[in-house]
Amino acid sequence: MIHVQWPWAMAFEPIEGHQIPPHPALHVIHAAVSYDSGWSAMNLYNKDGRSSSLNQASHLASWSNQKRWNKDSSKIKIVPTISFRTILESLQEYDLQLIMTDMQGHDFKTVSSVGNLLGKVGVRRLVTEVYKDNISTYKDSNNDLCMNWLPHMTSIGYVFEGLTKMMGDKETLLDGYRNAEEVNETCAKSMKEHPVETVGVSEYNAYWRLNSEPTVGKEGNDGILETYYLYGTHSPGHSGHVFAEEEYKKCQN
């Protein structure tokens, strides 16, 4: 999702786009975002394809059991892809306030493909799906917070602001991951303890801000993010922060 300029937003969803409720401020593009434009095979996983990915699942689980969810249909779907670079360049005249990624393991490969273009076009903040402790949900994803995201984002001028769970309590920052200072210490320890990649589900939301942007959230170690970052990323049963009716109406005018 790209929060272009209040109150406008764009969502890219190649599989479940038709299930997104219509909203006057939301524009849904039925395509996947990747490092290149064209066509690609998307592997279908989970109910209604909600865990589908351009990468293959790293292990067999209930959500990745294609025989369970796709008994009478194909296990892949050919989808159009739009390069992340094309999207950023086409929107560079706008105020790009927030980009959220939930690409099922394809996040880092896509975001890193544009190099420092994120900062050049002025993307203020990002929320990205990451793995931690060298545990991969999808094959060949290279989507680990410590090994991939932190060194790259730091090198292009972004500051780490925290890590939360993707399901359950998604508003409280995790111990050891509440700020840039903590995460550097935690990552140094994690990479020593987990040198070999393993498979499983270890998905989290990482928060980043351009270093020229002011910090948000409360000072200290209470680990609470302000509303600016609180966007749900999963199904209604795990929707994260829910905006009050008055808040929601603000972007309908």
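The first residue in the sequence is number 1, and the count goes up from there.
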Holding to side chain to side chain contact (heavy atoms under 4.5 Å, CB included), I want the full list of residues that pass it with V199, two or more places apart in sequence or in another chain.
S58, H59
Are the side chain of E16 and the backbone N or O of Q19 linked by a donor-acceptor pair below 3.5 Å?
no
Over all heavy atoms of both residues, which pair between Y158 and L126 is shortest? Give the atoms and the distance, please.
CE2-CD1, 3.5 Å
What pairs of donor and acceptor atoms, side-chain ones from residues 144-154 against any protein atom, are under 3.5 angstrom apart with sequence neighbours left out?
unit_1, atom_1, unit_2, atom_2, d
D144, OD1, N134, N, 3.0
D144, OD2, C146, N, 3.0
D144, OD2, M147, N, 3.0
N148, OD1, N143, N, 3.4
N148, OD1, D144, N, 2.9
W149, NE1, N143, OD1, 3.0
T154, OG1, L150, O, 2.7

Sequence neighbours excluded, the answer for side chain to side chain contact (heavy atoms under 4.5 Å, CB included) partners of A41 is I76, I78
Return the set of residues passing side-chain hydrogen bond (donor to acceptor under 3.5 Å, both in side chains) with D133 (not counting sequence neighbours), or none when no residue passes.
S190
Atom CE in M166, atom CG in N205: separation rounded to 0.5 Å?
4.5 Å
Once side-chain hydrogen bond (donor to acceptor under 3.5 Å, both in side chains) is applied, do any residues pair with T110, and if so which ones, sequence neighbours excluded?
none
Could you check whether any side-chain heavy atom of L44 comes within less than 4.5 Å of a side-chain heavy atom of K75, counting everything from C-beta outward?
no
Per the ring pair (Phe, Tyr, Trp, His ring centres under 6.0 Å) rule, what does the pair list look like for residues 174-205, sequence neighbours excluded?
none
Using only atom types and a distance under 3.5 Å, with no angle test, would you say the side chain of T164 pairs donor to acceptor with the backbone of L173?
no
Can you list, pair by pair, the side-chain donor-acceptor contacts under 3.5 Å of residues 24-38, counting residues two or more places apart and other chains?
unit_1, atom_1, unit_2, atom_2, d
S34, OG, H106, NE2, 3.1
S37, OG, S83, N, 2.9

So, do Y207 and F160 sit near enough that their side-chain heavy atoms are less than 4.5 Å apart?
no
Once rounded to the nearest 0.5 Å, what's the spacing between atom CG of N55 and atom OH of Y45?
9.0 Å
Side chain of S202, backbone of Y131: donor and acceptor closer than 3.5 Å?
no
Return the set of residues passing side-chain hydrogen bond (donor to acceptor under 3.5 Å, both in side chains) with S136 (not counting sequence neighbours), or none when no residue passes.
E197
Should we count CD of E181 as having more than 12 external heavy atoms under 6.0 Å?
no
Roughly how far apart are M10 CE and S90 OG, rounded to 0.5 Å?
6.5 Å
Minimum heavy-atom distance between I15 and S52, given as atom pair plus value
CG1-CB, 4.1 Å
Over all atoms of both residues, closest heavy-atom pair of W208 and T128:
NE1-OG1, 3.0 Å
Residues which pass side-chain hydrogen bond (donor to acceptor under 3.5 Å, both in side chains) with Y138, listed by chain and number, not counting sequence neighbours:
Q104
Do I99 and V111 have side chains that approach each other closer than 4.5 Å (heavy atoms only, starting at C-beta)?
no
Keeping to residues at least two apart or across chains, list the disulfide (SG to SG under 2.5 Å) pairs with something in residues 14-58.
none
Going only through I, L, V, M, F, W and Y residues with side-chain contacts under 4.5 Å, is there a path from I135 to V183?
no
N43 (side chain) donor-acceptor with S53 (main chain) under 3.5 angstrom:
yes
Restricting to non-hydrogen atoms, name the atom on G119 and the atom on L210 that form the minimum distance, rounded to 0.1 Å.
CA-CD1, 4.0 Å
List the residues meeting side chain to side chain contact (heavy atoms under 4.5 Å, CB included) with V114, not counting sequence neighbours, and say none if there are none.
F84, R85, L88, L117, L118
Do V121 and L91 make a side-chain contact, defined as non-hydrogen atoms from C-beta onward lying under 4.5 Å apart?
no
Could you note down all residue pairs passing disulfide (SG to SG under 2.5 Å) where residues 10-48 supplies at least one of them, sequence neighbours left out?
none
I'd like to check L174 versus K165 (side-chain heavy atoms, cut-off strictly below 4.5 Å). Are they in contact?
yes
Can you find a heavy atom in the side chain of R125 that is under 4.5 Å from one in the side chain of L98?
yes
D140, CG: over 12 other non-hydrogen atoms inside 6.0 angstrom:
no
Is the backbone of D107 close enough, under 3.5 Å, to the side chain of T101 for a donor and an acceptor to pair up by distance?
no
Q92 side chain to E89 backbone, donor-acceptor under 3.5 Å:
yes
What is the distance from atom OG1 of T186 to atom NZ of K132, rounded to the nearest 0.5 Å?
9.0 Å
Hphob cluster co-occupancy, F12 + Y94, side-chain heavy atoms under 4.5 angstrom:
yes
